[in-house]
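Worksheet for the structure shown next.
The structure presented is a predicted model; accordingly, all values stated were derived computationally and were not measured. Chain A is the first sequence line, chain B the second, and so forth, proteins listed ahead of strands; every chain is numbered from 1.
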Amino acid sequence: MKNAEIAEIFDKIADILEFKGEIVFKVNSYRKAARTLRDTTEDVAVIAAGNRLLDMPGVGKSTADKIVEYLETGTIKKYDEERKGLSDELIRMLQIPGMGPKTLALIHSKLKIDTFEALEKAIHSGELTELPGMGAKKAENILKGIELLREAAKRIPIGVALPVAEDVVAAVLKFPTVKRAEVAGSLRRMKETIGDIDILASSPDAVKTIEAFTSLPQVKRVLAAGTTKASVIVEGNKQIDLRVIEENSFGAALQYFTGSKAHNIKLRDIARGMGLKVNEYGVFRGDEKVGGREEEEIYAAVGLIWMPPEIREDRGEIEAAMKNALPELVTVGQIKGDMHVHSDFSDGKAAIAQLAERAQELGYKYLAVTDHSQSLKIAHGLTPERVEEKRELIQKINSKLKGLTLLLGTEMDILSDGALDYPEKLLEKFDWVVASIHSGFKQPREKITQRIVSAMRSPLVDCIAHPTGRLIGQRAAYEVDVEEILEVAAETRTAIEINANSERLDLDDVGCKRAKQLGVMLAIGTDAHKLEHMDMFRLGVAVARRGWLEPPDVLNTLPLKKLRRKR
DNA sequence: GCCGTTTTCGGCCCGACTGTTTTCAGTCG
């Protein structure tokens, strides 16, 4: 599937055109097309074959031609022509915070600089400040920007960002000048990785609030501090932006700073068509303010009902709201159990009794204890004898438990030839069988897809865990045809896991949305190897919500009896 | 380059901060 490859080329074309000073609208149209491609699980080749490219948002004649060209020839002439004479490193320099296309073009044309090394040298030698409009501070900021880029090249996984943000919000709420404070930005939308953390606070005294914020003990460096907003760097080189606003604009600001950018652009565009103006202070008809204290007022002003932050990605939510057809997203409170945890029978740290205790604290009705199977020796996969031991222990614990039922589960390996790691006779004893891949990651697409497909064809396999195997920011997904997996899952009524581990979040949001369309059930599990990991459940629910899932789409919203009947 | 309840041409979200300049361009989100 070439979707991601083509998206990347479109983004690169956008970068190059921006550098060359092309009008921003043209640049943005390439970025929009790239985003659409990334939001599509269906193979763009299939869409092209069906003459449906022009139905994709942001894809017009010119872009469609380029997609077809890439599918047929493997290259895009426009891209090859535009990049002629420009090094990749030069274009990458646009990623330096504070370095925009105008500045880079100036530096490139006047000083012939096209490497980071040459740029740093020119700053140290004072050559850069001789350029028009370039002062000492700007040069200094570029230098800092290069450093920042090197340190913080990686986006922060949500599991890391969320506790940091919640900690700072709690601190801000303690300022005597602050009334309300909330996380905004991509973190509020629960995106899987976060660029920087956005926090919004309401206060009648913005200056004092900014002062208190930049003086927090967590703050390592202040990047900028004005009269309404400030940016700081905290431990671990994470950037936090605080914006302070008056109480009666809090909703408008929260809406605006939550984004996504594409969602806001569409919303403001609609507002403009209605003769309204939306900014972070409120909704205005002429000079008259018609709303702004609460987020609901912003949506209401353009005739829409409020929608959850997780779906504000311009993936059809505004259109759905117009038709009053927004999904009733699944909530953490509706979840009845965790479908994937490991005990000390295999490679987990906690004993089964401890897992049960934690599950009761979390209010679960059931918990699937899914230890590894025999082939995965590195994780102490269970032999049939050990499975029997575990079965007896679970039975014993269950007989004493009130309100919670432990399910005898396994995370069974799909071996590299596609065979299951336990014989059928043994599999029948389990309440819940999750199958997954832990070997042969490098197999070709066809092979690895077929392995998973053949596992799904077994009536004894209930669920496929971490179906793509990706580790966010560390390891790419294995070459698996997600579309085919989902189609077969629908046919065989096999559930697909949403692995709630912060590093996995697999299946992802886009995949979930597609799964729902195909009628596939999702099962959320934390893959916990320690008790604390069980708390990551909310991240799995966040993925489900970002994928528009409703309670009937999520297997573990079912009561135990109905869950058992699914087998 | 895309798009259409005002448009097939002429628009394309909107404001804060910084630095270098005397009124604004560039960058960012």
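- Minimum atom distance to the side chain of A:K277 is reached by B:dC14, of the listed B:dG29, B:dA16, B:dC14.
- At a threshold of 4.0 angstrom between heavy atoms, the contacts of A:Y281 are confined to the sugar-phosphate backbone, with no base atom among them.
- Between A:K66 and A:D198, it is A:K66 whose nearest contact on DNA chain B lies nearer the 5' terminus.
- Rounded to whole Å, the C1' atom of B:dT7 lies 13 Å from the corresponding atom of B:dC2.
- Within the 4.0 Å cut-off from OP1 or OP2 of B:dC17, not a single side-chain nitrogen or oxygen of A:S231 is found.
- Ranking B:dA16, B:dG26, B:dC13 by closeness to the A:K102 side chain, first place goes to B:dG26.
- Among the heavy atoms of the strands, none lies under 4.0 Å from A:A230.
- Comparing B:dT21 with B:dA16, their P atoms sit 24 Å apart, to the nearest whole Å.
- Residue contacts for A:V278: at a heavy-atom cut-off of 4.0 Å it reaches the sugar-phosphate backbone alone, with no base atom in range.
- Base contact: A:K26 has a heavy atom under 4.0 Å from a base atom.
- In this structure, the separation between CE on A:M1 and CG on A:D43 is 5.5 Å, given to the nearest 0.5 Å.
- In this structure, the CG atom of A:L54 is 13 Å from the C1' atom of B:dG1, given to the nearest Å.
- Checked by atom type and distance alone, the side chain of A:D205 never pairs as donor or acceptor with a backbone atom of A:T177 at under 3.5 Å.
- Protein atom CG of A:N28 is 14 Å distant from nucleotide atom P of B:dC14, rounded to whole Å.
- Between A:G100 and A:G226, the one whose closest nucleotide on DNA chain B sits nearer the 5' end is A:G226.
- Distance noted for atom C1' between B:dC28 and B:dC13: 14 Å (whole Å).
- B:dC13 atom P lies 12 Å from atom CG of A:D314, rounded to whole Å.
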Q. Is there a salt bridge (Lys or Arg N to Asp or Glu O under 4.0 Å) between A:E483 and A:R514 once you walk through the steps?
A. CA-CA 8 Å; A:E483 182 75 12; A:R514 182 65 182 151; 2.6 Å; yes
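- Distance noted for atom P between B:dT8 and B:dC12: 16 Å (whole Å).
- The gap from the P atom of B:dG11 to that of B:dT6 amounts to 15 Å, rounded to the nearest Å.
- The interatomic distance linking A:M274 (CE) with B:dT6 (C1') rounds to 15 Å, in whole Å.
- Listed candidates were B:dC13, B:dA16, B:dC2. Nearest to the side chain of A:S29 is B:dC2.
- The distance from atom CG of A:L17 to atom C1' of B:dG1 is 10 Å, rounded to the nearest whole Å.
- Taking a 6.0 Å sphere around CD of A:Q218, one finds it holds more than 12 heavy atoms contributed by other residues, nucleotides or ligands.
- A:A271 comes within contact range of no nucleotide atom at all, as no heavy-atom separation falls under 4.0 Å.
- On a pure distance criterion of 3.5 Å, a polar donor-acceptor pair joins the side chain of A:Y256 and the base of B:dG29.
- In this structure, A:N279 reaches the B:dG15 phosphate: one of its side-chain N or O atoms is under 4.0 Å from OP1 or OP2.
- Between A:T63 and the phosphate of B:dC2, there is a side-chain N or O to OP1/OP2 separation shorter than 4.0 Å.
- A:R312 has its CZ atom 16 Å from the C1' atom of B:dG29, to the nearest Å.
- Pairing partner, B:dT8: none, since no Watson-Crick or wobble contact has both distances short of 3.5 Å.
- Considering only side-chain atoms of A:R243, the nucleotide from B:dG19, B:dC12, B:dA16 that sits closest is B:dA16.
- Side-chain atoms of A:T258 come within 3.5 Å of backbone N or O of A:L254 as a donor-acceptor pair.
- Using atom C1' as the reference point in both B:dT20 and B:dT27, the two lie 14 Å apart (nearest Å).
- Checking the phosphate oxygens (OP1, OP2) of B:dT27, a side-chain nitrogen or oxygen of A:T103 falls inside 4.0 Å.
- Side-chain proximity of A:P101 to the nucleotides B:dG29, B:dT27, B:dG1 is greatest for B:dT27.
- In this model, the phosphate group of B:dG1 is approached by a side-chain N or O of A:S62 to a distance below 4.0 Å at OP1 or OP2.
- A:K261 comes within 4.0 angstrom of a base, heavy atoms only.
- Between the side chain of A:T526 and the main chain of A:M536, no donor-acceptor pair closer than 3.5 Å is present.
- As judged by a 4.0 angstrom heavy-atom cut-off over every strand, A:I96 is placed among residues touching the sugar-phosphate backbone only.
- If you take atom P in B:dG10 and the same atom in B:dG15, they sit 25 Å apart, rounded to whole Å.
- Here B:dG1 presents its P atom at 13 Å from CD1 of A:I67, a figure rounded to the nearest Å.
- Counting to the nearest Å, the P atom of B:dC14 and the CZ atom of A:F25 are 11 Å from each other.
- The listed nucleotides are B:dG1, B:dC13, B:dC17; the one nearest the side chain of A:I23 is B:dG1.
- For the side-chain hydrogen bond (donor to acceptor under 3.5 Å, both in side chains) test with A:S202, the passing option among A:E247, A:R293, A:R180 is A:E247; the others fail.
- One finds the CD1 atom of A:I311 at 11.0 Å from the OG atom of A:S260 (value rounded to the nearest 0.5 Å).
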